[in-house]
Amino acid sequence: MEKFSHFISYGRQSVDEEDIQTVINTLRSPFLTQGPRIVELEQAVANYVGAKYAVAFCNGTAALHAACYAAGIGEGDEVITSPITFAASANCVRYVGGTVVFADIDSVTYNIDPVQISAKITEKTKAIIPVDFTGQPANIDEIMAIAKEHNLVVIEDGAHSFGAEYKGRKVGAQADMTMFSFHPVKPITTAEGGIIVTDNEEYFKKLLKFRSHGIEQTPYALEQGDWYYEMTDLGYNYRMTDLQAALGVSQMSKLDAFIQRRREISEMYTEALKDVEGIHIPQQLEDTESGWHLYMIQIENANRKQIFEEMRAANIGVHVHYIPVYWHPYYQQLGYKKGLCPVAEDWYEKALTLPIHPSLTDKEIEYIIGNLLARYNTNSEYNVR
Ligand SMILES: *Cc1c(COP(=O)(O)O)cnc(C)c1O
């Protein structure tokens, strides 16, 4: 198989002429920020997932920060999350002064294990942040039941799972608040961007306030006159621009097609790799439809680093998602020890991300599969060795 001259990245945006024109039109409009496109995107996302409210932010991390604020998390509160995630799922707890508690993952789904969540609950536990890792929804019914029993808030990190389904409903309809990210590698993009969906009016109001400096229209302010407003808490400028929202609105109309293509690609990988000794393919739970943000295999009894480097040398953008969050020096300095979540750590040592995004061609996928299988003794049609 001839080496591809271009680098195949693990994930990237799919932006077309229609998207570009939509942004250009907004550039010519009266509003570049805080205009009508923001509300349009918020309504489109809320409708899509079946939630009452949506609040857009400048990125997904800011959205998670705002959700932690709205949930009332503060100094001394403990929040349980998965160690196999992007650091932002845990960092948002630190922003508001809370303590992160890592609960180990389930070895089949790679998502946080509800049994491990229960084992980590104390009097100080305030919230749970499950992550829909790779696009597969976390076991949200069980997590919501645990939360109800202990009076906890559930903030679902759906950065990977916009468009995915849990028991026939879109992710975003289940948790108290759900975050979606619109970073270029995510299901749809606004360049940078994120959103929280919720059915709770109180959270909705707090999210709006936090997004804009802690400012709100109080009864007192309304009495004073049109120019008057009050800053009632310390907020941030976490607003999304209308340029970004315009891109998001245009991308929304393509979300289902994007997910469809991701599912096709995942099926191609699964079909080619399912019987290969030494490769463990990802498993999907029966009642979930993954959005396939990532396609992650585990390499058994082989040198992952060597396979990674050989694939990279062939211009294939394999990756590893993620280093257990508490292994990072920042968390080590806070006292978290290696060995804390053994299932996650064992999984991490074997994990490899294969490229998956809607713009990948069949030819590229065949090239990736062929290169991977060349490292195993198989009789596959893809085998190039
Ligand atoms: C991308 C991502 C985030 C953060 O989103 P940004 O928009 O990049 O700030 C949070 N959690 C997970 C799991 C992510 O993958």
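Not measured: the values here are computed from a predicted model. Numbering of ligands and ligand atoms starts at 1, following listing order.
- Closest to atom 6 (P) of ligand 1 by heavy atom, among Ser82, Gly60, Cys58, is Gly60.
- In this structure, a donor-acceptor pair under 3.5 Å is present between the side chains of Glu230 and Thr218.
- Compare Thr190, Ile84, Thr85 by their heavy atoms: the one nearest to atom 13 (C) of ligand 1 is in Thr85.
- The protein heavy-atom contact nearest to atom 11 (N) of ligand 1 is Asp157 OD2, 2.7 Å.
- Between the CD atom in Gln217 and the CG atom in Asp226 there is a gap of 8.0 Å [rounded to 0.5 Å].
- When the ring pair (Phe, Tyr, Trp, His ring centres under 6.0 Å) test is applied to Tyr236, the partners found at least two apart in sequence or on another chain are His65, Phe210, Tyr238.
- Ser181 OG, 3.3 Å is the protein heavy atom nearest to atom 5 (O) of ligand 1.
- Residues satisfying the ring pair (Phe, Tyr, Trp, His ring centres under 6.0 Å) criterion with Phe7, sequence neighbours excluded, are absent altogether.
- Considering both main-chain and side-chain atoms, Thr61 comes within under 3.5 Å of ligand 1 through a nitrogen or oxygen pair.
- Look at Lys186 and you'll find a heavy atom under 4.0 Å from some atom of ligand 1.
- Contact analysis puts Gly193 in contact with ligand 1, with a non-hydrogen atom separation below 4.0 angstrom.
- Ring planes of Tyr336 and Phe102: perpendicular class, angle over 60° (limits at 30 and 60°).
- Each of Tyr322, Trp327, Phe133 was compared with Tyr348 under the ring-ring contact (aromatic ring centres under 6.0 Å, His included) criterion, and only Trp327 meets it.
- Heavy atoms of Tyr322 come nearer than 4.0 angstrom to ligand 1 in at least one pair.
- Ligand 1 has at least one atom lying under 4.0 Å from a heavy atom of Ser89.
- The shortest N or O to N or O distance between Glu192 and ligand 1 is not under 3.5 Å.
- By the criterion of a heavy-atom distance under 4.0 Å, the side chain of Met179, and not its backbone, is placed next to ligand 1.
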